[in-house]
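These notes are about the structure you will find just below.
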There are 2 protein chains.
Amino acid sequence: MAQAPSSNILIRKLQTISELAPSDIALLGNISIQEKEYHANEDILREGDKPTLSFVVLDGLIGSTKLTGDGKRQISSFFVPGDIPDLHGLHLSVMDSTFTPFMPTRVGFMRHDALHDICDQHPSITRVFWRSTVIDAAIYREWVTNVGRRDAYARMAHLLCELIVRLHSVGRIEDRVAHLPITQAALGDALGLSTVHVNRVLQELRRDGLISTVGSRFHATDWAGLVRAADFDSTYLHQRAAQTGADF
Amino acid sequence: MAQAPSSNILIRKLQTISELAPSDIALLGNISIQEKEYHANEDILREGDKPTLSFVVLDGLIGSTKLTGDGKRQISSFFVPGDIPDLHGLHLSVMDSTFTPFMPTRVGFMRHDALHDICDQHPSITRVFWRSTVIDAAIYREWVTNVGRRDAYARMAHLLCELIVRLHSVGRIEDRVAHLPITQAALGDALGLSTVHVNRVLQELRRDGLISTVGSRFHATDWAGLVRAADFDSTYLHQRAAQTGADF
DNA sequence: GGAACTTATAAACATATGTTATAGTTTGGA
DNA sequence: TCCAAACTATAACATATGTTTATAAGTTCC
């Protein structure tokens, strides 16, 4: 509770969703990690790949994307620092989506066999990681609802709420501003909207005083209003502390 | 390979996604199960509940649903016999969606503490269950894509392909016919469409000779055509055998 | 065996969102 | 420092899908 946030971003993220025993923290801190930098749009893993590594996002922003048969793109989730986008890959042989960074992104690779070893020997670590994948699934569920049943305006607001809360929980909101270098085309791919309509909706959100933007920096100028417009309820993020009602 | 399908539907389902050692099968077969029947629309678990049990679908059909603030419903997944819809709940304290049966449905409850015990003691069981939840997540990902980027016609075709493949893999397709007692309103809730448009699209699929229906029984009269119309690729189901190219 | 309800079909009309095209604006690399 | 490429902003127009309403066809249940 009074504990300072870990300087290890993976541990910090996991602490937002699980209470970690000191022994767990030690084990997690000892996982061997190989760092690598990617630039924007340089795919980290692709649909069809059979990875033997998972990776944690150390810095940057990543999307999980799919292409339909006629070339349209859908982003099914974003991943922020601390997240392990393809922890799922630990239990899948083939990738069913592609991980693409939206900005220069630093990741840390972890070997599957090492992760399996640590999980087999430490059920408490298994629980933490398993819970993490299950929360990813909860986020996908919410996205289905968002794309399926909310109009463009609420949909965009919802996405912004989610990203702001998630970034905030790992300390990546500075001066009440979220750095989201996601092009409007990519926002459309995440929301199932056209680029033009994304632009329209962003203007509306600005006009209504819910957000303001400077370049790719988003400021929720009226957090309560944004939450209301978004029909946003952070329960589905399953964060440990109800830090999510906070004022940004 | 030449093994006859298990008469235990849970084991049969898990065998479609993982290779089970005889010892695993024995352990799984010994999990204590409490059966219960629900009728259509009688919620099994609700958003906000804090369950201490998970359940396997023994017979019937269940949807995972959410309500938006203005009362619209979204179904984010269907569950067929053998599935454990809220295995996720093993690692979440609060339900973020509701499980609703679409027909009289028999389920088997399993205690969380019993499941935790067996997982803590048997990493191989953990892997099977964990993989199952991770495949659920892959299905949600595909649904985001389906709802976000495919038009109504392809979207409906895709849903039918998925359900037919999943039902087939657990032996619940009889005479090339899938029993899907899902009202057109509920199909709309699953696809993010209005009831009227669901009706339009179903007529089109019938007119194009891809499906025929008798009551709630769907027959894929042109499986290859349906797959093509749906842009369906079963990779995301992560089934063990490539039984999915089969002719229904 | 029919009343009461739910579900499916249908048509006419409304609208949120998509498409295409063009002109500014920003950005990042040479 | 500047240029080319990428991105954002707007407008005009197109259309897939939603809404409303009505009726027909099934179901369920007393």
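Quick note: numbers below take in every heavy atom, side chains included, and nothing from hydrogens, waters or symmetry partners. By convention in this document, chain letters (A, B, ...) are assigned in the order of the sequence lines, proteins followed by strands, and residues within each chain are numbered from 1. Treat the numbers as computed from the prediction; the structure is a model and nothing was measured.
Side-chain polar atoms of A/T100 and A/D43 form a donor-acceptor pair below 3.5 angstrom. A side-chain N or O of B/R200 and one of B/H197 form a donor-acceptor pair less than 3.5 Å apart. Using a 3.5 Å distance cut-off with no hydrogens or angles, the side chains of B/S64 and B/S76 do pair a donor with an acceptor. A donor atom on one side chain and an acceptor atom on the other are found under 3.5 Å apart for B/H179 and B/S216. No side-chain donor from either of B/T68 and A/R150 sits under 3.5 Å from a side-chain acceptor of the other.
If you check C/dT9, D/dA9, C/dT17 against the side chain of A/Q203, the one that comes closest is D/dA9. The side chain of B/L193 has D/dG18 as its nearest neighbour among C/dA8, C/dT17, D/dG18.
Where A/V196 and A/R150 meet DNA chain C, the nucleotide closest to each residue was compared, and A/R150 sits on the side nearer the 5' end.
Between B/Q184 and C/dT9, a side-chain N or O to OP1/OP2 separation shorter than 4.0 Å is present. Contact check, B/N199 against C/dA8: no side-chain N or O comes under 4.0 Å of OP1 or OP2. Checking the phosphate oxygens (OP1, OP2) of D/dA9, a side-chain nitrogen or oxygen of A/R206 falls inside 4.0 Å.
Across the protein-nucleic acid pair, A/Y153 atom OH and C/dA16 atom P stand 14 Å apart, rounded to whole Å. Rounded to whole Å, the distance from CE on B/M156 to P on C/dA8 is 10 Å. Rounded to a whole Å, the CG atom of A/L180 is 16 Å from the C1' atom of D/dC7. Distance CD1 (B/I182) to P (D/dG26): 20 Å, rounded to an integer number of Å.
The residues B/D70 and B/K72 are annotated as salt-bridged, a charged nitrogen and a carboxylate oxygen being separated by less than 4.0 angstrom.
Among the protein residues, A/G192 comes within range of the sugar-phosphate backbone only, with heavy atoms under 4.0 Å from sugar or phosphate atoms but none that close to a base. The residue A/S194 sits close to a base: some heavy atom pair falls under 4.0 Å.
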Kindly give the atom pairs (protein nitrogen or oxygen, nucleotide nitrogen or oxygen) under 3.5 Å for nucleotides 22-27 of chain C.
none

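Aromatic ring orientation, B/H158 versus B/Y236: parallel (interplanar angle below 30°, classes split at 30° and 60°).
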